[in-house]
There are 4 protein chains.
Amino acid sequence: MKTRDKILKASLALFNEKGERNVTTNHIAAHLGISPGNLYYHFRNKEDIVHAIFGEYVRHLETAFTPKDNGPTLDVLMSYLDGVFYTMWEFRFFYASLPDILARNPALHQEYFLVQTQLADRVVAILRSLREEGILAIDEESLPDLAHTVKIMVTFWISYQTTQAVEAAITRPVIYQGVLKVLFLIRPYLAEEARDTISRLEDHYRRLALRTR
Amino acid sequence: MKTRDKILKASLALFNEKGERNVTTNHIAAHLGISPGNLYYHFRNKEDIVHAIFGEYVRHLETAFTPKDNGPTLDVLMSYLDGVFYTMWEFRFFYASLPDILARNPALHQEYFLVQTQLADRVVAILRSLREEGILAIDEESLPDLAHTVKIMVTFWISYQTTQAVEAAITRPVIYQGVLKVLFLIRPYLAEEARDTISRLEDHYRRLALRTR
Amino acid sequence: MKTRDKILKASLALFNEKGERNVTTNHIAAHLGISPGNLYYHFRNKEDIVHAIFGEYVRHLETAFTPKDNGPTLDVLMSYLDGVFYTMWEFRFFYASLPDILARNPALHQEYFLVQTQLADRVVAILRSLREEGILAIDEESLPDLAHTVKIMVTFWISYQTTQAVEAAITRPVIYQGVLKVLFLIRPYLAEEARDTISRLEDHYRRLALRTR
Amino acid sequence: MKTRDKILKASLALFNEKGERNVTTNHIAAHLGISPGNLYYHFRNKEDIVHAIFGEYVRHLETAFTPKDNGPTLDVLMSYLDGVFYTMWEFRFFYASLPDILARNPALHQEYFLVQTQLADRVVAILRSLREEGILAIDEESLPDLAHTVKIMVTFWISYQTTQAVEAAITRPVIYQGVLKVLFLIRPYLAEEARDTISRLEDHYRRLALRTR
DNA sequence: AATGAATGAGATTTCATTCAT
DNA sequence: AATGAATGAAATCTCATTCAT
């Protein structure tokens with residue numbers, strides 16, 4: 001791996017573990033066994049590293065929203081949820097430090113805002129196509145509200161878990177619990193015909209979520 | 001006002017504005033026109049200030065959950081929502097910096113955990129009494145899930161808004177939008193007889209929420 | 001007791017326990033339950049307190065060297081040793097912090113120098129009178145050397161013990177061990193006739209020194 | 001010289017001159033014309049510097065106790081005394097600040113304790129071999145007492161001198177006076193045959209000690 | 001590409017001392 | 001005599017960043 005990439009990888013890991021403010025550039029360099037000077041050869045400053053990581057985060061989201069195959073919409077939804085939650089998990093430091101980071105970096109705030117808007121649109125689009133396939137029976141008026149709700153749940157589920165548990169140990173099962181929470185949100189709007197399918201899905205994720213906790 | 005209280009007030013304001021990590025003890029002292037030494041006369045260290053603010057936060061929550069009058073449960077619920085959202089707004093820095101703060105202060109983490117558990121119990125209790133009054137028609141099984149969902153929405157609504165808007169200007173209307181989001185969450189579980197009442201409530205808050213944005 | 005005296009007493013106790021540099025004026029005031037302002041009403045500054053304690057130390061030494069009764073010289077010697085060692089013990093912080101204290105206070109250094117010179121003279125005088133009584137058989141030439149040696153042992157015995165033991169617990173027996181060390185120093189110079197008397201003295205102190213350690 | 005070594009050298013000089021507690025890390029940095037940050041690049045904290053100096057002190061003692069040639073025991077003894085006294089002089093701050101330093105650093109206290117125990121053993125060993133060579137005529141019982149006495153004299157001679165003199169100017173002659181004091185301590189235990197040799201030694205050191213004072 | 005010593009601003013905290021009451 | 005809030009200088013330490021090699 002290129003040094004630049006190693007720096008990004010190590011930074012992300014350390015940020016997630018200790019919080020961005022508690023990780024110094026010397027920390028990162030020492031962790032990799034490279035010199036601080038070398039780190040600054042590859043990045044202008046610490047903010048530059050955060051910015052690059054943000055780029056990766058956006059690319060991950062893109063991937064999560066790019067359907068691999070054209071299967072049934074419900075499968076696509078689940079793949080979305082899986083992917084997005086996983087992204088949230090991989091970049092969890094980001095949500096914890098978000099206000100701090102955005103407050104001191106207006107350019108990044110602008111970018112973040114754009115990404116979030118697109119994300120919201122995508123969630124609405126998915127819900128709408130679920131309605132068109134007869135899976136959801138929701139009136140147009142409630143649709144943005146539901147989308148919004150889903151987005152908040154997806155965004156903060158990981159954050160919420162890290163502060164709730166006294167010994168923070170976020171694992172795969174916790175992610176599946178998040179997926180279940182989203183299913184719970186859309187359940188009241190399910191069309192009669194979709195109930196069975198969703199029930200089976202819930203059972204599936206419930207088993208995955210049961211490993212710990 | 002006593003200097004001690006002035007320090008707490010100024011700290012809270014600055015923390016909310018700039019994020020806890022971006023506010024130094026010198027900042028706070030300078031902001032108040034007192035010497036750094038004086039600040040340390042009233043508080044052992046910065047952590048001590050954060051801890052005192054946390055105490056105030058807990059007291060605010062208590063107050064929000066103490067019913068003023070014994071009116072109909074629905075009114076009580078609305079008063080709760082109002083109070084809790086307002087508390088979240090007043091202590092919004094807290095949620096933004098929570099992982100950092102709790103990570104470096106295990107004692108506080110423990111306290112926080114306790115408060116959160118009590119909070120969760122209270123939300124469940126309120127939902128249950130709404131069901132007993134015939135306002136909610138929800139099966140016992142789904143009740144904790146709904147409570148959990150409501151709690152996450154209440155906890156992160158303000159956080160979410162501060163990062164979503166490019167120029168962060170959280171105002172009263174934003175709080176009412178949060179109240180509306182919670183009403184949206186419980187709407188699918190409303191008993192037929194309660195629909196009208198809730199509709200009127202929604203209209204009421206929709207008007208309050210419309211002032212800006 | 002007058003507040004002034006209470007301050008001196010508490011300061012001495014705290015200095016001995018924690019070292020002069022580790023005891024703040026606020027510490028002393030808090031320990032006594034008085035205000036820092038009050039402390040400064042009674043003493044111009046911290047140095048003033050140290051200076052006053054030094055005065056007490058000198059007065060203690062005077063007392064230790066003032067023979068109560070005109071018994072046999074040997075008894076007087078033992079009473080001296082007892083008193084002086086006890087003074088060293090009561091003001092032990094002084095020896096630990098001496099170079100620091102004297103370095104920043106030339107006036108005190110001058111006074112200290114004077115007291116030490118007088119002390120040396122007194123030790124010489126005692127040894128000389130022991131010789132005149134036929135207890136010591138020492139030539140005039142060696143007398144100052146012996147006096148000097150005794151003085152060093154008396155001065156540093158307590159200091160030495162505090163650093164040698166890992167858990168510092170200086171007790172009465174340790175003082176008697178110091179007395180024994182001085183007897184060991186003068187033993188080679190004893191007149192034949194005095195051997196028995198000294199032996200009995202040694203036995204006496206050996207018993208007292210045996211309580212611990 | 002490496003910066004690290006320069007820091008150690010300057011710290012030792014300043015500690016000796018002003019007392020460890022009166023020398024700040026800023027002092028040291030300013031004295032060397034380097035930035036405070038640079039000092040902390042080479043040492044974790046002030047304690048770390050003190051600890052490194054302690055290491056040097058131990059190494060000096062080792063050297064002083066490593067006989068260069070296998071000459072007569074008496075010569076070896078004198079070389080020991082010379083070396084040890086010189087070490088005491090070079091690290092004199094240490095003895096002055098010892099109680100403070102050890103009190104706040106239990107790990108160092110432990111190390112110090114070990115070194116002191118080894119030192120005591122070595123002094124006993126030297127005295128014993130002097131007896132075996134017929135230089136000392138001392139009974140086994142008194143041997144530890146004499147060793148102890150010698151050790152106290154060696155340990156505190158420099159300390160004593162710095163506080164006794166109003167203008168502290170410890171010079172080589174003062175060290176030779178210390179050597180003479182030790183010779184005075186062992187003189188009463190000399191075998192008849194060794195008297196002459198020791199007398200000549202005393203004369204030799206007396207000349208060296210006479211330069212000043 | 002990479003090293004690593006060095007910088008300097010600034011953060012947290014301490015503490016002797018003052019002063020209005 | 002006494003209070004206690006307040007000061008301000010200074011001490012320890014951190015860390016993003018630079019730069020000669």
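Here is how names work: the chains are called A, B, and so on, in the same order as the sequence lines, proteins then strands, and each is numbered from 1. The shown structure was predicted, so the numbers you read here are calculated from the model rather than taken from an experiment.
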Have D/Asn22 and C/Arg21 got a donor and an acceptor in their side chains that come within less than 3.5 Å?
yes
Note: for A/Asn26 and C/Val23 on DNA chain E, the residue whose nearest nucleotide lies more 5' is A/Asn26
Using the ring of each side chain (for Trp, its six-membered ring), is A/Phe94 parallel, tilted or perpendicular to A/Tyr112, with breaks at 30° and 60°?
tilted
So which one's nearest nucleotide on DNA chain F is more toward 5', B/Gly37 or A/Gly37?
B/Gly37
Regarding C/Thr24, tell me which of base, sugar-phosphate or nothing describes its non-hydrogen contacts under 4.0 Å with the strands shown.
sugar-phosphate
Considering Watson-Crick and G-U wobble pairs with both distances under 3.5 Å, what does F/dA20 pair with?
E/dT3
Give the residues of residues 39-55 of chain D touching DNA chain E, defined as any heavy atom closer than 4.0 Å, sorted by residue number.
D/Tyr41, D/His42
Here the distance between atom C1' of E/dT14 and atom CZ of D/Arg21, to the nearest Å, is 11 Å
Give, for atom CD1 of A/Ile34 and atom NZ of A/Lys6, the distance between the pair rounded to the nearest 0.5 Å.
8.0 Å
Between B/His51 and B/Asn105 (side chain of the first, backbone of the second, donor and acceptor by atom type, cut-off under 3.5 Å), is there such a pair?
no
Which is more 5' along DNA chain E, the nucleotide nearest D/Gly33 or the one nearest B/Asn38? Just name the residue.
D/Gly33
Taking 4.0 angstrom as the limit, do B/Glu90 and B/Lys9 come out as a salt bridge?
no
Under 6.0 Å from the CZ atom of D/Arg104, do we count more than 12 heavy atoms belonging to anything else shown?
yes
Give the first and the last nucleotide of DNA chain F, reading 5' to 3', that has any atom under 4.0 Å from a heavy atom of chain C.
F/dA1 to F/dG4
Relative to the ring of A/Phe91, is the ring of A/His60 parallel (under 30°), tilted (30 to 60°) or perpendicular (over 60°)?
perpendicular
Which of parallel (below 30°), tilted (30 to 60°) and perpendicular (above 60°) describes C/Phe93 and C/Phe15?
tilted
